A.B. asks: 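Let me begin by handing over the structure; questions about it come next.
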Number of protein chains: 2
Amino acid sequence: MIDADWDLYRSFLAVLRAGSLSSAARQTASTQPTIGRHVDALERRLGAPLFTRSRAGLTPTPAAIALQPHAEAMEAAAAALERAAVGARDAESGVVRITASEIMGAEVLPPMLADVSLAHPRIAIELVLDNRLADLMRRDADIAVRMTRPTQGAILARRIGAVQIGLYAHRRYIARAGAPRTLAEASRHAAIGYDRDQFAVRRLGEEGVALDRDFFRLRSDSDCAQLALLRAGAGIGSCQRPLARRAPDLVPVLPNDISFTLDVWLAMHEDLKASRTVRIVYDALAKGLADYIREG
Amino acid sequence: MIDADWDLYRSFLAVLRAGSLSSAARQTASTQPTIGRHVDALERRLGAPLFTRSRAGLTPTPAAIALQPHAEAMEAAAAALERAAVGARDAESGVVRITASEIMGAEVLPPMLADVSLAHPRIAIELVLDNRLADLMRRDADIAVRMTRPTQGAILARRIGAVQIGLYAHRRYIARAGAPRTLAEASRHAAIGYDRDQFAVRRLGEEGVALDRDFFRLRSDSDCAQLALLRAGAGIGSCQRPLARRAPDLVPVLPNDISFTLDVWLAMHEDLKASRTVRIVYDALAKGLADYIREG
DNA sequence: CGTCGATCATACAAAAATGTATAGCTGGAC
DNA sequence: GTCCAGCTATACATTTTTGTATGATCGACG
């Protein structure tokens, strides 16, 4: 009988995904020797080699690749169990984990979350800022604030509305460099935009704004850094309209020429519907985001 | 984030099934304090009570019951992973676990397994004797020898044939008590049969042998004990015909009146088809059992 | 009404797993 | 060619987990 500890499968899965013991250890809040021992133990119990060791990392054997779907099934079941457990407890307490884009998480959500936290002192909130989409199915987070429609299966998603995006600049910048009156003029200005983030550039392209990397004179893949540059008067950049209106010194640039909207979606797993705790935060965000959009 | 050790879920499932910490500990080769601590830890992590403790055992809360299917999904995935791992290793070595009925396991299989073991010294064999059906899906065993057609899903089953069952008695018994010539006469003899095993009695009923408990003067729910009684000349009992023919001192009783057959099935999980090790044992048993049946 | 058997909870010793630190190897950049 | 970053493997101290032994409580049963 094999009957290995289920924890070993979890380490196994982490190594499969990370590609090395060290990397897997970093992602699982463990250490490299521990993960290594787990893999050793699992290989011993299963009686089959799972990885070929090298100095560069661990390469999975065909056997390990064949085992991966099963380990992922275990992971999915564990996540479902956790969601069910969270949904089952009815107390207005516990931890709610939210994932959002950088701008949303750093600029828009904090006031709303502050309100929730004050009104419900027993609810703890974790905020994960990541422009990549976190996986609600795997329970990377309980609630997601996204700018695209969630496509995964058992996800409860609500479209809050569309936030307007426009070009802005600080008064100081305008005073020094003047305000462009046409698109052609704008190209001679200090534009703030993305560095290497292909995803963001492509998304802009879909919105009808075809720009290549060289168009930007100030480049950063961090949305927060872009916003900070904008506020510091470094140049012209895009900004969510309600956010810009809160800053009295930001003025619109070419509002009639460049303007588009991004949908705002709020999502949670269906299994968490029953959780009062998650629901409280979800509803607060729904209302807060709706108000925010209306500001624009 | 909850992110509990997966081992906790396993203990949780064991307690759910066993109904008490002590019982769960026995079934998992662990101890009662350990299982208890696991349950405590899981309740703390999930933030919800899972059991109401009492001196008689642990009663699951509704929350725990809701969580059970997920834990079972994890278990199923773990079992599938193990089967895949066993199937993937191609060496003719490892452990093969066989489940069989008492008679089959104690009287019929051992010579075959001895041959396999000699021919393949690196294959270890575990033999589980249990008249209840072990669960191949859960990987309670790799191979099952059964007397009924397996009904579970992804099971590879082969009908080896039908073994004849008849009544027998030892020469010594016949010499002392005489041989019955009719069924009516037989009812005055010392009959060997089942004690409280309803399943066995009902199965006899289905075969057209309607007998109640009082018919038997020598009762045991252990098939091995019944056979030993028969061999010791204690009375008249049923026996597989090939088995009886091996014992020179057992003579048939009323062979024309009472005789029926039991199918013999050999089963393994489909996932294990690829395993050379399991396949070797499976094929050896298939051949050995076919020869055995032909002896009758 | 007491006894027996089975249960959970707790204290303490033993065993096992983990983390820290370090050595050694490898591949790519300059 | 050398350096650097990143990786695995190993030794050792520490922490954590586990097991043993025991006490206390409850219910079945005679």
Side-chain angles (χ1 to χ4, degrees), chain A residues 1-46 48-61 63-65 67-68 71 74 78 195-196, chain B residues 1-46 48-65 67-68 71 74 78 196:
Chain A
M1 198 66 152
I2 295 173
D3 218 26
D5 292 343
W6 287 4
D7 274 339
L8 301 186
Y9 298 132
R10 186 200 229 179
S11 296
F12 165 68
L13 194 53
V15 175
L16 267 178
R17 290 195 175 124
S20 78
L21 297 182
S22 312
S23 175
R26 281 192 296 271
Q27 294 177 26
T28 55
S30 182
T31 61
Q32 169 254 322
T34 297
I35 302 290
R37 281 184 286 242
H38 283 181
V39 172
D40 289 345
L42 192 58
E43 287 182 329
R44 220 172 308 126
R45 305 245 190 137
L46 296 183
L50 297 172
F51 297 93
T52 53
R53 271 91 166 154
S54 79
R55 303 299 167 188
L58 273 68
T59 313
T61 62
I65 293 171
L67 264 36
Q68 181 165 13
M74 288 188 74
D195 180 20
R196 275 182 262 196
Chain B
M1 199 68 149
I2 296 173
D3 218 25
D5 292 343
W6 287 4
D7 275 338
L8 301 186
Y9 298 132
R10 184 200 230 177
S11 296
F12 165 68
L13 194 53
V15 174
L16 220 41
R17 290 197 176 123
S20 79
L21 296 181
S22 312
S23 175
R26 281 191 297 272
Q27 294 177 25
T28 55
S30 183
T31 62
Q32 169 254 322
T34 297
I35 303 290
R37 283 183 286 241
H38 283 181
V39 171
D40 290 345
L42 192 58
E43 287 182 329
R44 221 173 307 128
R45 304 247 190 139
L46 296 183
L50 296 172
F51 297 94
T52 54
R53 270 91 168 156
S54 80
R55 302 299 168 199
L58 274 69
T59 314
T61 62
I65 293 172
L67 264 36
Q68 182 167 13
M74 286 186 76
R196 276 182 261 196

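No experiment lies behind these values; they were computed from the predicted model shown. Atoms considered below: every heavy atom in the structure, side chains included; atoms not considered: hydrogens, waters and symmetry mates. Chain A is the first sequence line, chain B the second, and so forth, proteins listed ahead of strands; every chain is numbered from 1.
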A.B. asks: Do A:Phe12 and A:Val39 make a side-chain contact, defined as non-hydrogen atoms from C-beta onward lying under 4.5 Å apart?
C.D. replies: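 The answer is no, as the side chains (C-beta and beyond) never meet within the 4.5 Å cut-off.
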
A.B. asks: Give every donor-acceptor pair under 3.5 Å between a side-chain atom in residues 29-38 of chain B and any protein atom, sequence neighbours left out.
C.D. replies:
{"from": "B:Thr31", "atom 1": "OG1", "to": "B:Thr34", "atom 2": "OG1", "distance (Å)": "3.1"}
{"from": "B:His38", "atom 1": "ND1", "to": "B:Ser11", "atom 2": "OG", "distance (Å)": "2.6"}

A.B. asks: Using the salt bridge (Lys or Arg N to Asp or Glu O under 4.0 Å) criterion, which residues pair with A:Arg53? Sequence neighbours excluded.
C.D. replies: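 Only A:Asp40, A:Glu43 meet the salt bridge (Lys or Arg N to Asp or Glu O under 4.0 Å) criterion with A:Arg53.
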
A.B. asks: Got a sec, which residues hit side chain to side chain contact (heavy atoms under 4.5 Å, CB included) with A:Ala48, two or more places apart in sequence or on another chain?
C.D. replies: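 With sequence neighbours excluded, A:Ala48 shows a side chain to side chain contact (heavy atoms under 4.5 Å, CB included) to B:Arg89, given in chain and number order.
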
A.B. asks: Just report the end-to-end axis angle for the helix from C:dC1-D:dG30 to C:dC30-D:dG1, five pairs per end, to 10 degrees.
C.D. replies: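 The angle, to the nearest 10 degrees, is 30°.
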
A.B. asks: So if I define the base as every atom that isn't primed, P, OP1 or OP2, how would nucleotides 5-21 of chain C read as a B/S/- string at a heavy-atom cutoff under 4.0 Å?
C.D. replies: --SBBB-------BBBB

A.B. asks: What residues, two or more places apart in sequence or in another chain, satisfy side chain to side chain contact (heavy atoms under 4.5 Å, CB included) together with B:Ser20?
C.D. replies: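 In terms of side chain to side chain contact (heavy atoms under 4.5 Å, CB included), with neighbours along the sequence ignored, B:Ser20 is linked to B:Ser22, B:Ser23.
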
A.B. asks: Would you grab the first and last nucleotide of DNA chain D (5' to 3') that comes under 4.0 Å of any non-hydrogen atom in chain A?
C.D. replies: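 Nucleotide range in contact with chain A: D:dC7 to D:dT10.
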
A.B. asks: Going by the rule salt bridge (Lys or Arg N to Asp or Glu O under 4.0 Å), which residues pair with B:Arg17 if we only count those two or more places apart in sequence or in a different chain?
C.D. replies: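 In terms of salt bridge (Lys or Arg N to Asp or Glu O under 4.0 Å), with neighbours along the sequence ignored, B:Arg17 is linked to B:Glu72, B:Glu75.
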
A.B. asks: State, yes or no, whether a side-chain contact exists between A:Leu46 and A:Leu67 at a heavy-atom distance under 4.5 Å.
C.D. replies: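 SC-SC contact between A:Leu46 and A:Leu67 confirmed.
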
A.B. asks: Kindly write out the residues that satisfy side chain to side chain contact (heavy atoms under 4.5 Å, CB included) with B:Thr52, not counting sequence neighbours, or none if the list is empty.
C.D. replies: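 Side chain to side chain contact (heavy atoms under 4.5 Å, CB included) check on B:Thr52 returns B:Thr59, B:Thr61.
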
A.B. asks: Excluding sequence neighbours, so at least two apart, what forms side chain to side chain contact (heavy atoms under 4.5 Å, CB included) with B:Asp7?
C.D. replies: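 Once residues adjacent in sequence are excluded, the partners of B:Asp7 under the side chain to side chain contact (heavy atoms under 4.5 Å, CB included) criterion are A:Asp5, A:Trp6, A:Asp7, B:Arg10.
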
A.B. asks: Got a sec, which pairs hit salt bridge (Lys or Arg N to Asp or Glu O under 4.0 Å) with one end in residues 18-30 of chain A, sequence neighbours left out?
C.D. replies: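 Counting only pairs at least two positions apart or across chains, no salt bridge (Lys or Arg N to Asp or Glu O under 4.0 Å) contact touches residues 18-30 of chain A.
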
